[in-house]
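Predicted model only: the values in this text are computed from it and were never measured. Here is how names work: the chains are called A, B, and so on, in the same order as the sequence lines, proteins then strands, and each is numbered from 1.
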Protein chains: 2
Amino acid sequence: MPDFIYKGKVYYNPVQFVMEMIGGTWKAPILWRLRNEVKRYGELRKDIPHISDKMLTTQLRQLEADGLISRKVYAVVPPKTEYALTVKGKRLMVIIEQIREYGLELIEEEKKNNEIK
Amino acid sequence: MPDFIYKGKVYYNPVQFVMEMIGGTWKAPILWRLRNEVKRYGELRKDIPHISDKMLTTQLRQLEADGLISRKVYAVVPPKTEYALTVKGKRLMVIIEQIREYGLELIEEEKKNNEIK
DNA sequence: ACTAATACTCACCTAAAGGTATGTATTATA
DNA sequence: TATAATACATACCTTTAGGTGAGTATTAGT
C-alpha cells in the first residue's frame, strides 16, 4: 500500500485515512446521533453531553468537508440548520456500531475485573 | 450511557474508549502487522514505513498496558524482544479489517473523482 | 427600547501527539 | 582495541486537538 494524498495531507495506509475521518473525541458521537434521524444544531448540542459550541461547529464542518454529512440551512429567524448523514456517512454506521459493541464488552469486563480486586 | 473511568481518564462513551486504544497514527499499523505473526521489534521497525524508534516504543508500551499485545524479552545479546497479539487484541482484528476495507473503497472512489476532474 | 431564540464566530490558552537527532548497554567476534 | 547488533531511552521542538468564555446577527413579540 503506497502513501495516499487527500486534501494536501499524506496518509500512510487506508486505516489511518478512515481514522482521521471518524477519530477524535466528537466525530463518532455526532455521526451516531444522526444514524436514523435528521437533527438540528441545537438538538445535537443538547444530545451530546460535554460538547461545546466550538467543538460541535468545527467537527460538523469537517464531517461536511469529508462528505459524511449534509447541511441544510433554512433562511428563517431565529436560524435553523439541519444535519443528516450522506450515503458515504451511512456506510460508516456498521463500523461505528461494531466499535461500540466491542467497547461495551470491554467496559463490562473492566467492571468485573475491578469487582474481583 | 454514563461516563466511564479507566486509568484515571474519563470517557464519554464506548466508542471513544476503543478509539483511544487503536487511534493515532501508529497503533493500527502495529496491530495489523501482528495479526497472524509474532514479530520482533526490529521487524516491526522495518515493516512499518516512516515510523521512528520513539513512536514504535511508546505505542508498543501503550498497547501492552491496554492488554492488546504481549511482550516477551529474551535475555540474549544483542537483545531480542517478541511482540504478539493477545486474545483481547485479536478481537480487534475484525474491526480494523473493516475499517481498512472501507478505507480502500474510499481511496478508489477518490481516485475516480480525481480522474474525472 | 428590550428581550428571546438560534447557530454560530473569535480570541486565548493548555495539553497531548508526534517528529528529529543523538546516546546507551551488552557481548561476541575480527 | 574496535566494531557490529539490537532494542531501546532522552532531550528538544513543532503541530494539532481541545477547552473556556465571550460576542454577534436577525427578527418577532412585549
Side-chain angles (χ1 to χ4, degrees), chain A residues 3 6-13 15-16 19-30 33-34 38-66 69-84, chain B residues 3 6-13 15-16 19-30 33-34 38-66 69-84:
Chain A
D3 293 352
Y6 177 73
K7 291 183 180 166
K9 213 202 147 177
V10 182
Y11 295 87
Y12 302 147
N13 56 69
V15 177
Q16 186 196 1
M19 290 299 248
E20 294 245 336
M21 283 191 177
I22 63 172
T25 310
W26 302 113
K27 282 180 179 174
I30 293 170
R33 314 289 150 157
L34 298 176
V38 168
K39 290 224 173 188
R40 294 182 59 177
Y41 179 92
E43 293 179 297
L44 287 169
R45 180 78 218 272
K46 272 165 205 152
D47 286 358
I48 303 173
H50 309 293
I51 201 168
S52 69
D53 279 322
K54 182 196 157 193
M55 278 301 115
L56 182 52
T57 307
T58 61
Q59 303 306 302
L60 284 171
R61 290 297 132 81
Q62 288 179 27
L63 291 169
E64 197 193 354
D66 286 332
I69 63 172
S70 64
R71 178 168 177 264
K72 189 174 179 182
V73 182
Y74 294 83
V76 295
V77 169
K80 176 177 175 179
T81 312
E82 281 180 350
Y83 293 94
Chain B
D3 294 352
Y6 176 73
K7 291 183 180 166
K9 211 199 146 179
V10 182
Y11 295 88
Y12 301 150
N13 56 70
V15 177
Q16 187 196 1
M19 290 298 249
E20 294 246 336
M21 283 191 177
I22 61 172
T25 309
W26 302 113
K27 283 179 179 174
I30 294 171
R33 314 289 151 157
L34 299 175
V38 169
K39 291 224 172 187
R40 293 182 61 176
Y41 179 91
E43 293 179 296
L44 287 170
R45 181 77 217 274
K46 272 166 207 153
D47 287 357
I48 303 173
H50 308 294
I51 200 168
S52 67
D53 280 323
K54 183 196 159 194
M55 278 301 115
L56 182 52
T57 307
T58 60
Q59 302 307 301
L60 284 170
R61 290 297 131 79
Q62 287 179 28
L63 290 169
E64 197 193 354
D66 286 333
I69 63 172
S70 65
R71 177 168 178 264
K72 190 174 179 182
V73 181
Y74 294 83
V76 294
V77 168
K80 176 176 175 180
T81 313
E82 280 180 350
Y83 292 94

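- We find that NZ of A:K9 is positioned 9 Å from P of C:dG18, with the value rounded to whole Å.
- Counting non-hydrogen atoms under 4.0 angstrom, A:T81 reaches the backbone sugars and phosphates but no base.
- Across the protein-nucleic acid pair, B:M21 atom CE and C:dA17 atom P stand 14 Å apart, rounded to whole Å.
- For A:T25 and A:V77, each mapped to the nucleotide of DNA chain D holding its nearest heavy atom, the one lying further toward the 5' end belongs to A:T25.
- Put simply, A:Y83 has a side-chain N or O that comes within less than 4.0 Å of OP1 or OP2 on C:dC8.
- Residues B:M21 and B:K27 form no side-chain contact, since every pair of their non-hydrogen atoms from C-beta on lies 4.5 Å or further apart.
- The nearest whole Å value for the distance from the CD atom in A:Q59 to the P atom in C:dC8 is 14 Å.
- Between the C1' atom of C:dC8 and the CD1 atom of A:I30 lies a distance of 14 Å, rounded to the nearest Å.
- With the nearest nucleotide of DNA chain D identified for both A:P79 and A:G24, A:G24 has the one nearer the 5' end.
- Residues A:L60 and A:E64 form no side-chain contact, since every pair of their non-hydrogen atoms from C-beta on lies 4.5 Å or further apart.
- Rounded to whole Å, the distance from CZ on B:R61 to P on C:dA17 is 17 Å.
- Regarding B:K80, its NZ atom lies at a distance of 17 Å from the P atom of C:dT27, rounded to whole Å.
- The backbone N or O of B:K39 sits nowhere less than 3.5 Å from a side-chain atom of B:E43 that would complete a donor-acceptor pair.
- Using bins of under 30°, 30° to 60° and over 60° for the plane-to-plane angle, the ring pair B:Y41/B:Y83 lands in the tilted bin.
- Comparing atom distances between the B:D53 side chain and each of D:dC12, C:dA7, D:dC8 picks out D:dC8 as nearest.
- Nearest to the side-chain atoms of A:R71 among the listed nucleotides D:dA7, C:dC8, C:dA7 stands C:dC8.
- A cation-pi arrangement is absent between A:K9 and A:Y6, since the terminal nitrogen or guanidinium carbon is not both under 6.0 Å from the aromatic centre and inside a 45° cone about the axis.
- When heavy atoms are screened at a 4.0 angstrom cut-off, B:R45 is found touching no nucleic acid atom at all.
- Here C:dG19 presents its P atom at 6 Å from CE of B:M55, a figure rounded to the nearest Å.
- Atom-to-atom, NZ of A:K54 to P of C:dT14 comes out at 13 Å; the value is rounded to the nearest Å.
- Listed candidates were C:dG18, D:dC8, D:dA7. Nearest to the side chain of B:W26 is C:dG18.
- Using a 4.0 Å heavy-atom distance criterion, A:T58 is classed as making no nucleic acid contact.
- Considering only side-chain atoms of A:S52, the nucleotide from D:dT20, D:dT26, D:dT6 that sits closest is D:dT20.
- The shortest distance between the side-chain N/O atoms of A:T57 and the OP1/OP2 oxygens of C:dC8 is not below 4.0 Å.
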